[in-house]
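Here the structure comes first, spelled out in structure tokens, and everything after it is commentary.
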Amino acid sequence: MKSIHLIENIHLNSAGVYAQIGKSDRSSVLFRNGELDNSSQVYSFIMLLILNQKMTYRDIMDKDCNKPFVLRVKKQLLENLVGFSKKAYTDWTFAKLVRSICQEEFSIVDYTTVFTPKTLRISKSEFRDVICKQVDLDNPVQITYFNVRRQNNMNAVVVGNSIHNESLRLYCLDPCRPEPYDTYWNNIIDIFVDKKDLPDYCPVREHGVILTQALFIDKNIRYTAESKIIELFPKTKTSEMDIFNEEDRCPF
């Protein structure tokens, strides 16, 4: 059976999903829309920082926290609220902003499948391999996906993956979904590798999606999208039930 691969720093107890910070501290991970009065783009990036042990949930919620990096994040992402206003960030302007915020601490890498003069555009198959490669290396990835039904962009953080039928299944923490208390994720996106004419699919919301951006923290992992694509689904005689079973399915 092909099991689900989750990033290393994601844990679950009776209170929900948390990340380990250092050797002894813990932090809740999920920020839901409304908690900070901002967009899912900002929420997802803060979750990405927590999973990478760059800050904690308490750091963000504590008004008296004076850590320099946390203060920069609050000032430039939370105090300058944009949300769904006309000044909302595009994929590349958001990447540019967070890269400037984090440049003294670490590097931000981002890829896109849509045209922009400011960001490296790659093919869909390369894009999917970028996400798969990073998650397999225990590096969470913030993704932007276009909701075909609602015609708007949403964001989530990929914390795991698996192979399901002919698709790459991404397990995500999504600020637009309820807190998960019995799983490590609260949303799923299926990426169809071989069916280029079909949009990807979100079975939890039952609608098509189009992934447009992947953004993650560079952990000195050298990975460059190339024309030669990793074969994610080699032809084998393994049956579908050997690859994925009901226990692996998201209960939502």
Side-chain angles (χ1 to χ4, degrees), residues 5 7 39-49 51-52 54 77 88-103 105-148 152-163 167-175 187-202 208-233:
H5 173 78
I7 62 171
S39 68
S40 65
Q41 203 169 30
V42 173
Y43 289 103
S44 296
F45 183 68
I46 291 175
M47 292 193 292
L48 190 75
L49 294 176
L51 288 167
N52 280 281
K54 305 300 182 182
L77 285 183
Y89 303 115
T90 64
D91 287 353
W92 77 266
T93 57
F94 182 77
K96 179 181 178 181
L97 174 60
V98 297
R99 189 174 287 113
S100 67
I101 294 172
C102 302
Q103 63 183 348
E105 309 288 336
F106 46 83
S107 297
I108 298 291
V109 179
D110 70 297
Y111 293 92
T112 183
T113 60
V114 298
F115 174 76
T116 168
K118 303 292 185 179
T119 306
L120 176 64
R121 181 176 184 264
I122 60 177
S123 69
K124 287 186 177 181
S125 54
E126 289 175 315
F127 181 82
R128 293 158 182 168
D129 284 345
V130 166
I131 298 174
C132 185
K133 180 72 172 182
Q134 292 302 317
V135 174
D136 285 347
L137 292 167
D138 295 320
N139 200 15
V141 180
Q142 178 175 342
I143 57 171
T144 303
Y145 63 93
F146 181 73
N147 184 320
V148 176
N152 63 356
N153 286 327
M154 308 299 291
N155 281 256
V157 178
V158 181
V159 297
N161 61 12
S162 70
I163 297 173
S167 66
L168 172 66
R169 175 159 284 186
L170 305 179
Y171 301 88
C172 308
L173 285 176
D174 190 327
N187 204 356
I188 286 175
I189 293 177
D190 286 338
I191 300 180
F192 299 110
V193 175
D194 298 323
K195 299 178 181 179
K196 298 180 180 180
D197 296 333
L198 293 177
D200 299 320
Y201 188 68
C202 175
V209 298
I210 301 172
L211 274 72
T212 61
Q213 185 185 42
L215 182 149
F216 53 90
I217 292 176
D218 184 4
K219 295 183 176 180
N220 295 319
I221 299 170
R222 294 187 177 182
Y223 174 75
T224 303
E226 300 175 352
S227 58
K228 183 178 180 181
I229 307 304
I230 301 170
E231 188 177 7
L232 295 176
F233 309 107

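This chain uses plain numbering: 1 for the first residue, then up along the sequence.
- Looking at Asn139 and Asp218, their side chains never come closer than 4.5 Å, going by heavy atoms from C-beta outward.
- In this structure, the separation between CD1 on Ile143 and OG on Ser44 is 8.5 Å, given to the nearest 0.5 Å.
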- Could you walk me through whether Gln41 and Gln142 pass side chain to side chain contact (heavy atoms under 4.5 Å, CB included), step by step? CA-CA 9 Å; Gln41 203 169 30; Gln142 178 175 342; 4.1 Å; yes
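- Contacts of Asn161 classified as side chain to side chain donor-acceptor pair (under 3.5 Å), with partners at least two apart in sequence or in another chain: Asp136.
- Using modelled atom types, no side-chain atom of Gln134 and backbone atom of Ile217 make a donor-acceptor pair closer than 3.5 Å.
- In this structure, Leu211 and Arg128 have side chains that are not in contact, with every pair of non-hydrogen atoms separated by 4.5 Å or more.
- Using a 4.5 Å heavy-atom threshold, the side chains of Val135 and Tyr171 count as separate.
- Judged by distance alone, the side chain of Asn155 and the main-chain N or O of Val42 form no donor-acceptor pair under 3.5 Å.
- Remark: Lys54 NZ to Leu49 CG distance equals 8.5 Å, nearest 0.5 Å.
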- Run the side chain to side chain contact (heavy atoms under 4.5 Å, CB included) check on Asn52 and Phe216 step by step: do they pass? CA-CA 10 Å; Asn52 280 281; Phe216 53 90; over 6 Å; no
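- How far CG of Asp129 is from SG of Cys132: 6.5 Å, rounded to the nearest 0.5 Å.
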- Are Leu168 and Ile131 close enough, and set up right, to give a side chain to side chain contact (heavy atoms under 4.5 Å, CB included), and what steps lead you there? CA-CA 10 Å; Leu168 172 66; Ile131 298 174; 5.5 Å; no
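- A 4.5 Å side-chain heavy-atom check between Cys172 and Val158 finds at least one atom pair inside the cut-off.
- Residue Pro175 comes nearest to Ala156 through the heavy atom pair CD-CA, 4.3 Å, listed as atom of the first residue, atom of the second, then distance.
- Looking at heavy atoms from C-beta onward, Tyr111 lies out of side-chain contact with Glu126 at the 4.5 angstrom threshold.
- Summarising the geometry of Asp190 relative to Arg169, their closest heavy-atom pair is OD1-NE, 2.7 Å, with the distance given to 0.1 Å.
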- Message: side chain to side chain contact (heavy atoms under 4.5 Å, CB included), that's the test. Do Tyr43 and Val157 meet it? Break it down for me.
- Response: CA-CA 10 Å; Tyr43 289 103; Val157 178; over 6 Å; no
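- Leu215 places a side-chain heavy atom less than 4.5 Å from the side chain of Phe45.
- Between Phe106 and Ile108, the closest side-chain pair of non-hydrogen atoms falls below 4.5 Å.
- In this structure, Thr112 contributes its side chain and Thr212 its backbone to a donor-acceptor pair below 3.5 Å.
- With a 4.5 Å cut-off on side-chain heavy atoms, Val141 and Leu170 do not count as touching.
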